[in-house]
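Encoded as structure tokens, the structure appears first; notes follow it.
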Amino acid sequence: LHVSTDYVFDGAAGRAYTEQDAPNPQSVYGESKLAGEKAVAAANPRHMIVRTAWLYSETGNNFPKTMIKLAAQGEVRVVEDQFGSPTYALDLARGIEKLISTQAYGIYHLAGSGKASWYSFAAAIFRAMGIPAKVTPIPASAFPRPARRPAYSVLETRRGVVLPPWEKGLETFAANMKQRERAS
């Protein structure tokens, strides 16, 4: 089993990418993940390659936790013209567990169902957490990043296990974060 990324796609399709779409990475990160996919497939015909996107959980550094921290500083400016599939780590783990039990080998997309922009994801995070933050949408060009990111890297599952809508994963994340806050 190899976990890969939406960054294997260029983001130019303007629609969700399925398992049948040809990769075309635009960054060294995306190229290295695609090389990993190819190496795994060449090493063992009984492989599972799982592409996921915008992964987050209650632990570690990730987008929702960064947004929660930034909200304390006032206005939060968030990119509105990049779209993806927010994926709650626990949903991914459960999906991988189900996928392994099928012993159906190949390439799979396991990401939160649906799509969001970074801006709409941030706004949903604040609503779910009950944080009255001001969120201002900005274009990606106003927030340059060292690595090129696909503008539209939504993943669609056409085979295998379908994960819950990304909004459901966010609800669980928010409930768990609030519970942690109460316990500390």
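Residues Glu19 and Thr157 form a side-chain contact, since some pair of their non-hydrogen atoms from C-beta on lies under 4.5 Å apart. Between His109 and Glu156, the closest side-chain pair of non-hydrogen atoms is not below 4.5 Å. Residues Tyr17 and Val8 form no side-chain contact, since every pair of their non-hydrogen atoms from C-beta on lies 4.5 Å or further apart. For the pair Pro23 and Lys38, the minimum side-chain heavy-atom distance is 4.5 Å or more. Side-chain contact between Phe173 and Lys65 is present, with at least one heavy-atom pair separated by less than 4.5 Å. Under the 4.5 Å side-chain criterion, counting only non-hydrogen atoms from C-beta, Leu110 is not in contact with Val3. Contact of the Phe143 side chain with the Arg77 side chain is not registered, since no non-hydrogen atoms from C-beta on lie closer than 4.5 Å. Residues Tyr56 and Ile125 fail the side-chain proximity criterion, which asks for heavy atoms closer than 4.5 Å.
Judged purely by atom type and a 3.5 angstrom limit, Ser120 has no side-chain atom pairing as donor or acceptor with the backbone of Ala116. A distance-only check finds a donor-acceptor pair linking the side chain of Arg159 to the backbone of Ile107 [under 3.5 Å]. A side-chain donor-acceptor contact under 3.5 Å links Asp81 to the backbone of Ala140. Checking side-chain atoms of Thr87 against main-chain N and O of Ser85 turns up a donor-acceptor pair under 3.5 Å. A donor-acceptor distance shorter than 3.5 angstrom exists from the side chain of Asn62 to the backbone of Ser57, with no hydrogens or angles considered.
Note: Trp166 and Phe121 meet the aromatic proximity criterion, with ring centroids under 6.0 Å apart. The ring of Trp118 has its center closer than 6.0 angstrom to the ring center of Phe63.
Hydrophobic clustering keeps Met48 apart from Leu34 (ILVMFWY residues linked when any side-chain heavy atoms are closer than 4.5 Å, directly or through intermediates). Following chains of ILVMFWY side-chain contacts shorter than 4.5 Å, one cannot reach Ile100 starting from Val162, and the two form parts of different hydrophobic clusters. A continuous path of Ile, Leu, Val, Met, Phe, Trp and Tyr side chains, each step under 4.5 Å between heavy atoms, connects Leu170 with Ile131, placing both in one hydrophobic cluster. Tracing side-chain contacts under 4.5 Å through hydrophobic residues (I, L, V, M, F, W, Y), one reaches Leu55 starting from Val161; they form part of the same cluster. Hydrophobic clustering keeps Phe9 apart from Phe83 (ILVMFWY residues linked when any side-chain heavy atoms are closer than 4.5 Å, directly or through intermediates).
Of the inter-residue distances, the one linking Tyr119 atom OH with Ile138 atom CD1 reads 11.5 Å to the nearest 0.5 angstrom. Rounding to the nearest 0.5 Å places CZ of Arg51 at 8.5 Å from CG of Asp21. The distance from the CZ atom of Arg158 to the OG1 atom of Thr18 is 5.0 Å, given to the nearest 0.5 Å. How far CE of Met177 is from OG1 of Thr59: 9.5 Å, rounded to the nearest 0.5 Å. Note: Tyr105 OH to Leu1 CG = 10.5 Å, rounded to the nearest 0.5 Å. Distance CH2/Trp54 to NZ/Lys115: 10.5 Å, rounded to 0.5 Å.
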Does Tyr7 form a side chain to side chain contact (heavy atoms under 4.5 Å, CB included) with Arg149? I'd like the steps, not just the answer.
CA-CA 7 Å; Tyr7 278 47; Arg149 295 173 181 243; 3.1 Å; yes
Derivation of the salt bridge (charged side-chain N to carboxylate O under 4.0 Å, His left out) call for Glu97 and Arg94:
CA-CA 5 Å; Glu97 182 179 45; Arg94 289 176 177 149; over 6 Å; no
One pair to check against side chain to side chain contact (heavy atoms under 4.5 Å, CB included): Thr66 and Lys69. What are the steps and the verdict?
CA-CA 5 Å; Thr66 298; Lys69 286 179 192 171; 5.8 Å; no
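Minimum heavy-atom separation, Pro137 to Val135: CD-O, 3.9 Å. Scanning all heavy atoms of the two residues, the minimum distance from Ala53 to Asp6 falls at CB-CG, 3.5 Å. In plain terms, the two heavy atoms of Glu58 and Thr172 that are nearest each other are OE2-O, 4.2 Å. In this structure, Leu163 and Gly112 approach most closely via the heavy-atom pair CD1-N, 4.1 Å. Across all non-hydrogen atoms, the minimal contact from Ala71 to Ala133 is CB-CB, 3.9 Å. Of all non-hydrogen atoms in Val78 and Ala122, the two that sit nearest each other are CG2-CB, 3.9 Å.
In summary, Lys178 and Glu181 do not engage in a salt bridge, as defined by a charged side-chain N under 4.0 Å from a carboxylate O.
Crowding of Lys98 atom NZ: a count of heavy atoms from other residues, nucleotides or ligands under 6.0 Å not exceeding 12.
Remark: the Tyr152 side chain and the Arg15 side chain contain no N/O donor-acceptor pair separated by less than 3.5 Å.
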